[in-house]
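Shown next, in structure tokens, is the structure this report addresses.
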Amino acid sequence: MADKEAYPKRAIYSLTGHSIEGDKRTTPIRGDLADIKLAGKLFAPHYAVPMLRTGIAPVTEIHAEPHLSSMPVSALMHGEEFAVLDVAGEWAWGFCLHDDYLGYLRFADLGEDFTATHVVSAPATLLVAQPSIKAPVLARYPMGAQIVCGEPSECGKYLACENGWVPTAHLSEIGKVAGSPADLAEKLVGVPYSWGGRSGDALDCSGLVQLVFGLKGIKAPRDADMQQASFGEHLPEGEALQRGDLIFFPGHVGMMVDGENLIHANGAAMAVSIEPLEAAAARFDKHEVPVLARKRVGL
């Protein structure tokens, strides 16, 4: 996703007139309204108590403004929680609980809170009407979608889910996803690039990183500059790169699959692809510093 130059910090004023710097992507305040937790700290004409809801669509785009032609900035997957601060017409404004990221989404894509049991750990899965390879498809869930599953089918190849069945091979119990973040990222090679994407259906660079670490229970910030600033540990100069290390470029991030090759969701391929780090870095030669940081995240 975009770096911090695309989202400059703005001055936010408290009730006493003291100004602080707040990142508008994650500080729950706008011109007319703020989260009640900011009362007494930041000034707003009105304050709201968040209304907790959960994503019920397979994946829902989150927009910068309340209309479908607005730029998507992130996505909420099935089973993820969203704190609603305002509803106007068909649109809700609020933030994702997993990363505090703000935006607008369609209120109809939110439902009552529920506790998911499984997460889609394949690139995608299909909800089918019967536990059979010949059954009609009811819905598609991308990697990262969290669902409530019941008993297995008699054949043992499906789990009951939302008035249908999902192949067991495509699911993992939450907290028990096998493989490393790099292993999971490799499953997503070929997934289309899309600004704001963070699911197995569509990904941007930081969305890929957030998704694969999130499946392992490690929360990453939403955007590349946020990840560079506060996710993982900087590698010492000269330290050899390893599988899973993160490489930060101006406005971009990728993950090493070995000591020389990078996997990343990128606009050059318009997909998740693997290429030599040297080739990826060459696209940033116009910048004074093509590679901004190298970081390693403990698992």
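- More than 12 heavy atoms of other residues, nucleotides or ligands sit less than 6.0 Å from atom NZ of K37.
- Checking side-chain atoms of Q146 against main-chain N and O of V119 turns up no donor-acceptor pair under 3.5 Å.
- When side chains are defined from C-beta on, D109 does not count as touching L76, because their heavy atoms never get closer than 4.5 Å.
- Across all their heavy atoms, A135 and V128 have their closest contact at CB-CB, 4.0 Å.
- Here the OG1 atom belonging to T27 is positioned 7.5 Å from the CG atom belonging to L102, to the nearest 0.5 angstrom.
- The side chain to side chain donor-acceptor pair (under 3.5 Å) test with D99 is passed by exactly one of R222, R25, Q210: Q210.
- Expressed to the nearest 0.5 Å, how far CD1 of I263 lies from CZ of R243 amounts to 8.5 Å.
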*Report the C-alpha distance between R53 and D113 in whole Å, list the side-chain angles of each, state the deciding distance to 0.1 Å, and finish with yes or no for side-chain contact (heavy atoms from CB on, under 4.5 Å).*
CA-CA 6 Å; R53 290 291 183 268; D113 196 22; over 6 Å; no

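- The closest side-chain donor-acceptor pair between S194 and D204, if any, does not fall under 3.5 angstrom.
- To the nearest 0.5 Å, the span separating CD1 on I174 from OG on S121 amounts to 11.0 Å.
- The two residues C205 and G251 make their nearest non-hydrogen contact at SG-O, 4.2 Å.
- Side-chain atoms of W91 come within 3.5 Å of backbone atoms of P66 as a donor-acceptor pair (strictly under, hydrogens ignored).
- V177 and S172 make their closest contact through CG2-CB, 3.8 Å (heavy atoms, listed as atom of the first residue, atom of the second, distance).
- V272 and F213 fall within the same hydrophobic cluster, where Ile, Leu, Val, Met, Phe, Trp and Tyr residues are linked whenever their side-chain heavy atoms come under 4.5 Å apart, directly or through other members.
- Side chain of S230 to main chain of M226: a donor-acceptor pair is present (N/O by atom type, distance under 3.5 Å, no hydrogens or angles).
- By the 6.0 Å contact criterion, CZ on R296 is enclosed, its count of non-hydrogen atoms from other residues, nucleotides or ligands being greater than 12.
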*Between R106 and L68, does a side-chain contact (heavy atoms from CB on, under 4.5 Å) hold up when you go through it step by step?*
CA-CA 9 Å; R106 287 172 292 186; L68 289 176; 4.1 Å; yes

*Chi angles and distances behind the side chain to side chain donor-acceptor pair (under 3.5 Å) call for T26, D23*: CA-CA 6 Å; T26 55; D23 191 323; 4.6 Å; no

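- No side-chain heavy atom of Q242 sits less than 4.5 Å from a side-chain heavy atom of D258.
- Using a 4.5 Å cut-off on side-chain heavy atoms (C-beta onward), P50 and V84 make no contact.
- No side-chain donor-acceptor contact under 3.5 Å links K216 to the backbone of S180.
- Side-chain heavy atoms closer than 4.5 Å link hydrophobic residues (I, L, V, M, F, W, Y) into clusters, and following such links, even through other members, never connects I247 to V297.
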*List the steps, then state whether salt bridge (charged side-chain N to carboxylate O under 4.0 Å, His left out) holds for R283 with E275.*
CA-CA 12 Å; R283 299 195 193 98; E275 63 178 328; 2.8 Å; yes

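- For D86, the salt bridge (Lys or Arg N to Asp or Glu O under 4.0 Å) partners at least two apart in sequence or on another chain are R30.
- Here the straight-line distance linking atom CH2 of W93 with atom CG of L33 works out to 5.0 Å at 0.5 Å rounding.
- Considering every non-hydrogen atom in both P221 and F231, the closest pair reads CD-CB, 3.9 Å.
- Side-chain contact check for F95 versus D35: some heavy-atom pair is nearer than 4.5 Å.
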Listing, residues 158-167 side-chain donor-acceptor contacts under 3.5 Å, not counting sequence neighbours, or none:
| unit_1 | atom_1 | unit_2 | atom_2 | d |
| --- | --- | --- | --- | --- |
| Y158 | OH | S132 | O | 3.4 |
| Y158 | OH | I133 | N | 3.3 |
| E162 | OE1 | Y141 | OH | 2.8 |
| E162 | OE2 | H78 | NE2 | 2.8 |

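- Residue L211 is grouped with residue L299 when hydrophobic side chains (ILVMFWY) are merged at heavy-atom distances under 4.5 angstrom, including chains of intermediate members.
- Taking 4.5 Å as the limit, some side-chain heavy atom of K187 sits within range of a side-chain heavy atom of M143.
- Annotation: side chain of M255 is not in contact with side chain of L208 (no heavy-atom distance under 4.5 Å).
- Among residues at least two apart or in separate chains, salt bridge (Lys or Arg N to Asp or Glu O under 4.0 Å) pairs with a member in residues 114-143 are R140-D201.
- At least one side-chain heavy atom of P28 sits under 4.5 Å from a side-chain heavy atom of L38.
- Under the 4.5 Å side-chain heavy-atom criterion for Ile, Leu, Val, Met, Phe, Trp and Tyr, V291 and I274 are members of distinct hydrophobic clusters.
- Side-chain rings of F249 and F284 approach one another, their centers coming within less than 6.0 Å.
- Here the straight-line distance linking atom CG of L52 with atom CD of E112 works out to 9.5 Å at 0.5 Å rounding.
- In this structure a side-chain-to-backbone donor-acceptor pair under 3.5 Å is present from H67 to S70.
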_Let's go through H63 and E65 carefully: what are the C-alpha distance in whole Å and the side-chain angles of both, what is the deciding distance for side chain to side chain donor-acceptor pair (under 3.5 Å) to 0.1 Å, and is it a yes or a no?_
CA-CA 5 Å; H63 294 262; E65 299 175 0; over 6 Å; no

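- Grouping the Ile, Leu, Val, Met, Phe, Trp and Tyr side chains by contacts below 4.5 angstrom, directly or via other members, places L184 with M77.
- Here the shortest heavy-atom pairing between V289 and P250 reads O-CG, 3.8 Å.
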*Check step by step if salt bridge (charged side-chain N to carboxylate O under 4.0 Å, His left out) holds for R198 and E80.*
CA-CA 12 Å; R198 51 176 297 272; E80 290 184 329; 2.8 Å; yes

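- How far CD of E233 is from CG of D245: 12.0 Å, rounded to the nearest 0.5 Å.
- For the pair H264/H252, a side-chain contact is recorded, criterion being any heavy-atom separation below 4.5 Å from C-beta on.
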